[in-house]
Amino acid sequence: MDKIEDVSSKDSGPKSKDYDENSSRQITLFDIKIDNGLKDDDGNEIPRPFTKSQMRKWLRKVKWENKKADKRAFEKAKAKARRKEAQEENISLGPSRKALKRMKLERPKRSTSLVIDLSFDHLMIEKDRFKVIKQILRCYSVNRRSENPVQFHLTSLGERTKSEMSRHNGYENWDINYHEASYLEVFPKENIVYLTSESDNVIEKIEENTAYIIGGLVDHNKYKGLCLKIAEEQGIRHAQLPLDKYINMKTRKVLTIDHVFEIMLRVCEGMPWQNVLLNVLPMRKGAYICDNRRSSNSSKDNSNSGEDE
Ligand SMILES: C[S@@+](CC[C@H](N)C(=O)[O-])C[C@H]1O[C@@H](n2cnc3c(N)ncnc32)[C@H](O)[C@@H]1O
C-alpha cells in the first residue's frame, strides 16, 4: 500500500498542520477520500486546505514516487545479485564503470569518424525522435566499450534533440563530439562519405581520415532515397554497405542507425565483413551466408527489430 510519509520529505506537495501531524501514523492513499474529505480520529471532518484537483495531482505524484523508489531498489538488488553470481561463477561482466572511464582517457582513437546527421528532426514524430536517441545511446555504448573506438560525432544537433539528450545524466561529458553545425562545416567535403542503402557505390574498405555519415532518421520507409538525394545535391561521396556481397537477407536492406554504426565500428576494429554482418544483424533480418547458402545461427538478436526501430 502506498505510504504518504515515505515521500513527504522528498516532495514539497501540499502540506498542512493536519497532514504533518498525521504523517506519523502512515496515512495510506486509501485513507483519503478526496470527495468526502479527511476525518480526524473523532470522526470530525478536517477542513480541506487544498482543492480536489490539487490533492489528486499530489496523490498521483506520491504514488509515482513510491513506485519509482521501489523499482530503483529492486533494480539495485537485482544488479547486486547478478554481480555476486558472476563473481562466484567466474564470469566477466565486462569492464566496470571505473575501467570504462579510464579507457576513455587512455584508448587511442582511430582517425575514421562515424557521424550521425541529426538534421531530420522536423520529419519525425516524437516517438521516432525518441527511437533515434535510443539508437544513438546504443552507438555510444558500443563505441565506448570498443578497444579501438572511432571518433563519434553528432552534427546538426538541434534544441529538441539536445533537450531529449539532457534527460540522460552527464551526456555533455560523454565521449561524443557534439556540433550544432552540419557535417559540411565540420569535415572537408572530399573526406565525407554519406552512407545510404540507395547508393550504387558499395563500400569495401573503410578509409582513415574519412567521415562516414549515417542519417539520423527513423522514417519507416516514408522518405525513401532522401539521404542519397541530399548527398547528390551536396556533391559528396555516397556508398551502401556491402550486404549483397557477403550475405543474403530475407528483409529489406535498410538498416537501423545503430546497426550501421556497429557494423562500421567492428570492421574498423579488423573483423571481416561477413562475420560482422552475421553477428550484428538481428536474426529476424534473416541474414545468411552468400556463398554456400548455409543458414546462419550466429546472428544475434539484440532486441532491436530491423529497420526503423
Ligand atoms: C533507417 S535509415 C534511413 C533511411 C532513409 N530513408 C534514407 O534516405 O536513408 C538510417 C540511416 O542508416 C544508414 N543505412 C541504413 N541502411 C544502410 C545500408 N544498407 N547501407 C548504408 N547505409 C545504410 C543510412 O545512413 C540511413 O540514412
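Every number for a ligand or one of its atoms is a count from 1 in the order of the listing. What's counted below: heavy atoms across the whole structure, side chains too, no hydrogens, waters or symmetry copies. Residues take their numbers from the sequence shown, with the count starting at 1.
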- Message: Heavy-atom contact check, 4.0 Å cutoff: does Leu217 meet ligand 1?
- Response: yes
- Note on the structure: With sequence neighbours left out, the residues meeting side-chain contact (heavy atoms from CB on, under 4.5 Å) with Lys229 are Glu233
- Consider every N or O of Ile257 and every N or O of ligand 1, then say whether any pair is closer than 3.5 Å. no
- Task: Keeping the roles fixed (side chain from Asn201, backbone from His238), state whether a donor-acceptor pair exists under 3.5 Å.
- Result: yes
- Numbered atoms and elements of ligand 1 in range of Gln240, under 4.0 angstrom, heavy atoms: 20 (N), 21 (C)
- Task: Please confirm whether Tyr223 and Phe120 have ring centers closer than 6.0 angstrom.
- Result: no
- Would you mind reporting whether Tyr183 and Gln234 have side-chain heavy atoms less than 4.5 Å apart? yes
- Query: Are Lys68 and Lys71 close enough that some pair of their side-chain heavy atoms sits under 4.5 Å apart?
  - Reply: no
- Nearest non-hydrogen atom to atom 26 (C) of ligand 1 belongs to which of Gly215, Ala231, Ala239? Gly215
- Closest heavy-atom pair and its distance - Cys139, Phe152: CB-CZ, 3.7 Å
- Here the atoms of ligand 1 under 4.0 Å from any heavy atom belonging to Gly225 are 8 (O)
- Which ligand 1 atoms does Thr196 reach within 4.0 Å, using its non-hydrogen atoms? 20 (N), 21 (C), 22 (N)
- Message: Regarding atom 6 (N) of ligand 1: of the candidates Val115, Asp219, Asp244, which has the closest heavy atom?
- Response: Asp219
- Query: ligand 1 and Cys227, any nitrogen or oxygen pair closer than 3.5 angstrom?
  - Reply: yes
- Item | Tyr223-ligand 1 polar pair, N/O distance under 3.5 Å | yes
- Check Leu241 against ligand 1 and report side chain, backbone, both or neither, counting heavy atoms closer than 4.0 Å. both
- Message: With heavy-atom distances below 4.0 Å as the criterion, list the atoms of ligand 1 near Leu243.
- Response: 19 (N)
- A student checking ligand 1 against Leu226 at a 4.0 Å heavy-atom cut-off should list atoms 8 (O)
- In chain order, what residues pass the side-chain contact (heavy atoms from CB on, under 4.5 Å) check against Lys189, with sequence neighbours excluded? Leu184, Ile236
- Message: Would Leu195 count as being in polar contact with ligand 1, using the rule that some N or O on each side must be under 3.5 angstrom apart?
- Response: yes
- Query: Are any side-chain N or O atoms of Asn275 and backbone N or O atoms of Met271, one a donor and one an acceptor, separated by less than 3.5 Å?
  - Reply: no
- Query: Does a side chain donor of either His220 or Asp128 reach within less than 3.5 Å of an acceptor in the other side chain?
  - Reply: yes
